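Chain letters run A, B, ... following the sequence lines, proteins first and then strands; every chain starts at 1. Everything numeric in this text was worked out from a predicted model, so none of it was measured. Below, each value reflects all heavy atoms present in this structure, side chains not excepted, and no hydrogens, waters or symmetry copies.
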Amino acid sequence: MRLYNSLTRAPEELPPPPGPIRMYVCGPTVYQRVHVGNARPFVLGIWIKRWLERRGYEVKLVSNITDVDDRVYEASAEQRIGSRELAASASEWYRQDTGDLGLGRPDVEPLASETIPEIVALVEELLERGAAYVADGDVYFRVASHPEYGRLSGARLEEMIAQEPSELKVDQRDFALWKAQKPGEDFAWESPWGPGRPGWHIECSAMAEKFLGSEFEIHGGGNDLRFPHHENELAQSRAAGRPFARLWMHNGMLELDQEKMAKSVGNVRTLREVLDVWGREALLVYFLTGQWRKPIDFTPEAMEAAAARAEGFRNVFRDENKPLPPEAWAEFAAALDDDFNTAQALAVIHEWTDHELLRRALDVFGLASLAKQTEAPRELRALAERRERARAERDFGEADRLRGEIEDAGWEVRDVAEGFQLVPKR
RNA sequence: GGCGCCGUGGCCGAGUGGUUAGGCAGCGGCCUGCAAAGCCGCGUACAGCGGUUCGAAUCCGCUCGGCGCCUCCA
């Protein structure tokens, strides 16, 4: 199994099974409902885990929920509710919406707010090592002290400009590890530097280490996190003497009208909305059709095509099962082993008529549900049987009327060799 | 300006030197009382220019165009 590593900019072979493979995927900052774009790293992380497990690996997947952040305070002030209250309900929305993808949960989903002691300890360690400094209740990471800074994003330190300008910073390129409580912020945690809360990046360093250890195999997240979030995360952990993540996976952005879908751009479709309109299967197939590293356009046409494709798989299970030699699996496996090329894998299984093999392949992506047949209600079966009799008597007017009635109930009649089939209409 | 990614047939999208990718849509046909599903066939694509090569969508160079990051963002 090989995966493209953003840090080395080359595909890399994973250690042989059983690993273990320890994986950390950056989850969202929660202060409103997540959008479809947020679902991509979530889905990708679980898919990779599922595939690696089928390859004989032992995998531990950790995905955080960042429930402490400037934006949480801002949003809570606007909505005139407590920041902790907002964070709690937004976390719950996130769990519900991603839960409805039907892929299960990561092994651990830590909250930043429950990792404060570890965060404080890490910051103290960075201070002891001289990689950070205190300034009026804030703590900043000294970027220039870390020779590897810029390696992940490919940026040169000399060319970098301020991240969040502040008079308290020694160097404007430095970033906050801890922020002192500001007026209007309704909640803060105690720390050796006074009441406050963690900066944006430190929580991931602390949570990854808490649940995976100081060194782990894979770190994932959206491409827009490469800088500054992941660069900063890497710098903090390395400066604190941790080897940290070895392979970085950055998934491509979802685009809407040729532009990245992001809360900051304002062109978002919530996951909830997409799930309600198109359903989880179409969404998952849609993700499958694009290469995980490349951006994909989110359009009704693309979702329609994905839904049609999902229906195509359902039809295979409605047809006769024609077993294939087990070797067919190797071709599917080869596609996924090659940097998780799902578009290629999809092309391979498209030809498959073997129910069991196809179900197994779809199950990797949480799509085994496509193999399930839904039984039509008794009264519709009765109508279909009446239609059969009408057809036998060549009373096609009556037969078509009955078909119309069945269609009005949302089902489609298909005449097959053995009689008829009732299939729910898309 | 810096760093990085990418341009494949109507749309999506595989493919790192020579053989039909695949899907969706469309058209023709088989099947059907008519349909649906399925099956068969069709469209002869690789941004442009130049180079390397017996041979390039695939390698090199240039040009044009798009996108991301460099500030919050999955």
Side chain of [X] - closest among [options]:
X: Phe227(A); options: rA74(B), rC70(B), rG38(B); answer: rC70(B)
X: Asn223(A); options: rG22(B), rA74(B), rG68(B); answer: rG68(B)
X: Ala399(A); options: rG33(B), rC72(B), rG4(B); answer: rG33(B)
X: Arg414(A); options: rA74(B), rC34(B), rA37(B); answer: rA37(B)
X: Arg309(A); options: rC69(B), rG4(B), rG22(B); answer: rG22(B)
X: Lys294(A); options: rA14(B), rA74(B), rC34(B); answer: rA14(B)
X: Arg403(A); options: rC67(B), rA35(B), rG68(B); answer: rA35(B)

Touch check for [X], heavy atoms < 4.0 angstrom, all strands: base, sugar-phosphate only, or nothing?
X: Gly252(A); answer: base
X: Arg226(A); answer: nothing
X: Val413(A); answer: base
X: Gly37(A); answer: base
X: His229(A); answer: nothing
X: Arg293(A); answer: nothing
X: Pro41(A); answer: base
X: Asn251(A); answer: base

Look at [X] together with [Y] and state whether they make a salt bridge at an N to O cut-off of under 4.0 Å.
X: Asp67(A); Y: Arg84(A); answer: yes
X: Lys182(A); Y: Asp138(A); answer: no
X: Asp400(A); Y: Arg403(A); answer: yes

Test side chain to side chain contact (heavy atoms under 4.5 Å, CB included) applied to Tyr149(A) and Asn232(A), step by step: CA-CA 8 Å; Tyr149(A) 196 81; Asn232(A) 291 171; 2.4 Å; yes
Pair of N/O donor and acceptor under 3.5 Å linking rG38(B) base with Asn315(A) side chain: no
Any donor-acceptor N/O pair under 3.5 Å between rC11(B) base and Asp297(A) side chain: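 Flag unset: no donor-acceptor pair detected.
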Trace of the ring pair (Phe, Tyr, Trp, His ring centres under 6.0 Å) decision for Phe287(A) with Phe365(A): CA-CA 10 Å; Phe287(A) 281 142; Phe365(A) 311 120; over 10 Å; no
Atom-to-atom span, CZ of Arg71(A) to C1' of rU71(B) - whole angstrom: 12 Å
Whole-Å gap separating P (rA14(B)) and CG (Leu288(A)):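 Between P of rA14(B) and CG of Leu288(A): 12 Å.
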Side chain to side chain contact (heavy atoms under 4.5 Å, CB included) evaluation trace for Glu148(A) with Leu234(A): CA-CA 9 Å; Glu148(A) 288 178 351; Leu234(A) 183 60; 5.6 Å; no
Pair pattern of RNA chain B in dot-bracket, where unpaired bases get dots and | marks partners in another strand, Watson-Crick or G-U under 3.5 angstrom: (((((((..(((.....[...))).(((((.......)))))....(((((..]....))))))))))))....
Those residues of residues 338-353 of chain A lying under 4.0 Å from RNA chain B by at least one heavy atom: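 Heavy-atom cutoff 4.0 Å gives Asn341(A), Ala343(A), Gln344(A), Ala347(A), His350(A).
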